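Take a look at the structure set out below.
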Protein chains: 2
Amino acid sequence: MVTLKDIANLCNVSVATVSRALNGQSDVNSNTAKRIRRLAQEMGYYPNAAARALKTNRSYNIGILYEDEIHHEYFSLLIDRIRTTAEQKGYDITFLSKSKQTAYYEHAKYRGLDGVIILQATFESPEVMQLAGSDLPCVAIDYQYTCCPCVISDHHSSIDQLVRHAYERGYRKIAFVHGQPGYITDQRVNGFYKTCCSLGLNVPEGYVQAAFYHEPQSNAEATKRLLALPDPPSCILYPDDYSCLGAFTQLEKAGLSIPDDIGIIGYDGIMLSTVIRPRLTTYKQDVQKKGEMAVVLLISQIEAPGVRPKDECVVVSGQLVPGGTLRPLPT
Amino acid sequence: MVTLKDIANLCNVSVATVSRALNGQSDVNSNTAKRIRRLAQEMGYYPNAAARALKTNRSYNIGILYEDEIHHEYFSLLIDRIRTTAEQKGYDITFLSKSKQTAYYEHAKYRGLDGVIILQATFESPEVMQLAGSDLPCVAIDYQYTCCPCVISDHHSSIDQLVRHAYERGYRKIAFVHGQPGYITDQRVNGFYKTCCSLGLNVPEGYVQAAFYHEPQSNAEATKRLLALPDPPSCILYPDDYSCLGAFTQLEKAGLSIPDDIGIIGYDGIMLSTVIRPRLTTYKQDVQKKGEMAVVLLISQIEAPGVRPKDECVVVSGQLVPGGTLRPLPT
DNA sequence: AAAAGAACTGTAAACGTTTGCAAGTCCATG
DNA sequence: CATGGACTTGCAAACGTTTACAGTTCTTTT
């Protein structure tokens with residue numbers, strides 16, 4: 001391994017000078033600097049992250065908290081985006097885990113992480129709250145803490161748009177199947193009721209059904225329950241695109257045709273929604289932006305602590321993607 | 001931050017003793033050790049990974065090389081499994097990237113990674129080969145280097161099983177759509193020809209078509225080309241489950257019904273294959289095992305260098321999953 | 001009772017950086 | 001020609017560990 005010392009010896013300068021030259025400090029003669037940099041290059045020098053971190057208390061490494069083992073394309077995309085954005089800014093990504101012995105916070109401290117993005121977790125659990133409320137810079141995605149900034153989707157408005165979209169296309173009996181309770185679900189359910197109300201739509205008992213995210217089976221069952229109602233809906237919103245697969249099979253079994261007998265609406269706008277037939281009407285989240293914003297928010301906290309308010313909340317809007325699972329606009 | 005020194009002061013012992021006690025070394029009085037450990041616990045001590053890595057040259061951190069931005073459930077699952085297995089063994093996972101400035105190898109060295117799992121990459125590119133051939137412990141997944149161990153699926157035998165499975169169900173005109181060229185594809189195509197040959201099946205010109213992995217569109221086009229042949233196939237194997245979605249729409253457009261007019265076969269056995277109707281006949285890879293083996297192979301290299309041969313190759317078998325996209329066995 | 005070993009603990013160097021401080025050289029200013 | 005500043009460089013300490021070596025005490029062996 002080539003160290004600063006080796007370069008210093010060959011250049012007949014001190015380690016300090018080499019360090020300064022390689023870090024682009026201005027207070028070193030430009031010729032010397034050039035010579036040092038050239039030699040470093042030739043010798044195949046690269047710094048030692050551990051030594052640097054030890055000395056500076058900065059690791060240029062950020063953690064991702066991701067608890068579940070659900071394999072949602074949305075999360076893959078998000079992680080990927082976070083990774084590439086972070087890399088561009090000179091940071092690496094390490095997964096943050098909670099082993100039996102160490103809590104998240106300790107683990108992050110142990111690794112010397114500069115900050116953590118809380119991507120997917122039981123947000124209200126003690127370990128996660130400890131982390132979010134700690135001195136470590138954090139950013140939450142799709143959950144709102146008072147103690148750290150967050151990036152959230154426009155859950156409220158997106159549902160509003162979807163419901164109105166269905167309404168314009170003549171659907172009046174609109175039902176909503178939601179995922180497991182939590183911040184996101186609450187937002188969406190609220191949005192649903194509010195919009196129905198403002199459109200003068202009645203939401204009969206049983207029109208709001210519980211299922212799980214990313215699980216066609218439970219959504220198929222919710223669909224079954226909806227169809228068994230005395231006055232079944234003519235349009236159903238689902239928690240995500242993938243879950244619509246359960247709806248498709250269930251509706252087919254019931255002999256209902258999409259979109260004439262019943263309209264269905266997904267959420268997320270993952271690739272799947274564009275390749276199934278009919279193409280799914282859905283709401284495409286701007287995953288790219290969410291990932292980028294999370295990184296930006298985190299790094300700005302890391303590099304300029306105190307500049308941003310702890311409760312800053314960036315709302316990232318998505319876009320309604322019309323598909324073939326709703327009737328076209330009446331002419 | 002609590003350091004060894006702090007504990008040493010409070011316990012009236014030297015830093016060395018504290019270090020030994022906390023590392024469970026035997027040569028420290030058990031009472032002293034107990035006292036030290038208790039106090040360390042109370043004070044909320046956790047070691048400093050950077051300092052430790054600097055001194056020992058071990059980071060307990062392994063890298064994952066993952067170039068593409070394709071979001072395949074298979075890769076999510078694999079990464080997840082690698083992560084959990086590694087964590088169990090006390091290692092963390094960091095993504096390895098290649099920025100403009102540093103190659104993979106340098107990046108890995110810079111971060112002091114103990115080893116790297118090459119998950120998805122342009123295996124033959126100079127940067128990746130440099131890494132694989134270096135002093136750094138590496139394990140490749142689904143590619144065979146001579147310079148580092150690997151974990152691969154039974155691509156050859158799986159295709160054999162699938163073709164025979166179709167054959168038994170009366171299909172005789174079997175075609176194969178494959179993904180982009182490379183190690184995996186080569187293995188599978190070889191397997192296909194070999195099995196057809198041994199079954200006495202003719203493989204007419206055009207029965208082997210090129211498409212891309214995880215891309216319904218190109219697979220739809222390949223399907224179209226197959227159907228336009230003078231003697232079109234009665235059964236088609238696709239590169240993966242997801243790509244079959246393209247086949248479904250294309251076949252529907254052509255007015256062919258599955259599985260009576262035409263049989264189709266996927267690959268991977270991701271969740272999708274179980275929720276589409278008809279349920280897909282496919283080959284389920286043992287992702288769990290692949291992930292685990294990769295970690296095991298890597299860690300054994302890290303912890304006992306030279307014990308395993310550099311060209312060790314673990315083949316992980318999957319399992320054929322019969323579905324409804326092939327006719328049942330003739331009675 | 002002396003010698004030898006076992007058990008325990010401390011000293012100090014080392015890992016590769018960064019950085020505050022001081023010192024040196026050189027040039028322009030007065 | 002003395003003074004002061006700009007520019008460049010080196011010295012040395014520090015970051016938090018681990019570990020070889022040596023020293024001390026205590027027990028066992030002869």
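These numbers come from a predicted model, not from an experiment. A note on names: the letters A, B, ... follow the listed sequences, proteins ahead of strands, and every chain is numbered from 1.
In this structure the side chain of B/Y46 never reaches within 4.5 angstrom of the side chain of A/T102, judged on heavy atoms. Looking at heavy atoms from C-beta onward, A/R37 lies in side-chain contact with A/L22 at the 4.5 angstrom threshold. At least one side-chain heavy atom of B/D135 sits less than 4.5 Å from a side-chain heavy atom of B/K109. Side-chain contact between A/D80 and B/Y66 is present, with heavy atoms from C-beta onward closer than 4.5 Å. You'll find the side chain of B/I36 stays beyond 4.5 Å of the side chain of B/R20, heavy atoms only.
The distance from atom OH of B/Y60 to atom P of D/dT18 is 11 Å, rounded to the nearest whole Å. The CZ atom of B/R58 sits 14 Å away from the C1' atom of D/dT18 (whole-angstrom rounding). For the pair B/Q25 CD and D/dT19 P, the interatomic distance rounds to 7 Å; values are reported in whole Å. Put simply, CG on B/N48 is 18 Å from P on C/dC15, counting in whole angstrom units. In this structure, CE of B/M1 is placed 11 Å from P of D/dC15, rounded to the nearest angstrom. In this structure, CG of A/D27 is placed 11 Å from P of C/dG20, rounded to the nearest angstrom. We find that NZ of A/K34 is positioned 12 Å from P of D/dT8, with the value rounded to whole Å. In this structure, the OH atom of B/Y110 is 10 Å from the P atom of C/dT17, given to the nearest Å.
Between the side chains of B/Q285 and B/S153, at least one donor-acceptor pair of N or O atoms lies under 3.5 Å. Residues B/Q144 and B/Y183 have side chains that bring a donor and an acceptor to within less than 3.5 angstrom of each other.
Looking at residues 50-57 of chain A, you'll see A/L54, A/K55 sit with a heavy atom under 4.0 Å from some atom of DNA chain D. For DNA chain C, the residues of residues 5-19 of chain B within the heavy-atom distance limit of 4.0 Å (strictly under) are B/N12, B/V13, B/S14, B/A16, B/T17, sorted by number.
Mapping B/P47 and A/S30 onto DNA chain D by nearest heavy atom places A/S30 at the nucleotide closer to the 5' end. In terms of position along DNA chain C, the nucleotide closest to B/T32 lies nearer the 5' end than the nucleotide closest to the other residue of the pair A/N23 and B/T32. Heavy-atom distances to DNA chain C give each of A/R20 and A/L4 a nearest nucleotide, and the one nearer the 5′ end belongs to A/L4.
Nucleic acid contact class of A/N29 (heavy atoms, under 4.0 Å, all strands): sugar-phosphate only. Across all strands shown, B/Y45 has heavy atoms under 4.0 Å from sugar-phosphate atoms exclusively, and none from any base.
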Test log, rule salt bridge (charged side-chain N to carboxylate O under 4.0 Å, His left out), inputs A/D92 and A/R83 | CA-CA 7 Å; A/D92 281 324; A/R83 185 164 68 88; over 6 Å; no
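B/Q120 CD to B/Y143 OH: the interatomic distance, rounded to the nearest 0.5 Å, is 13.5 Å.
For C/dC15, the OP1/OP2 oxygens have no side-chain nitrogen or oxygen of A/T3 closer than 4.0 Å.
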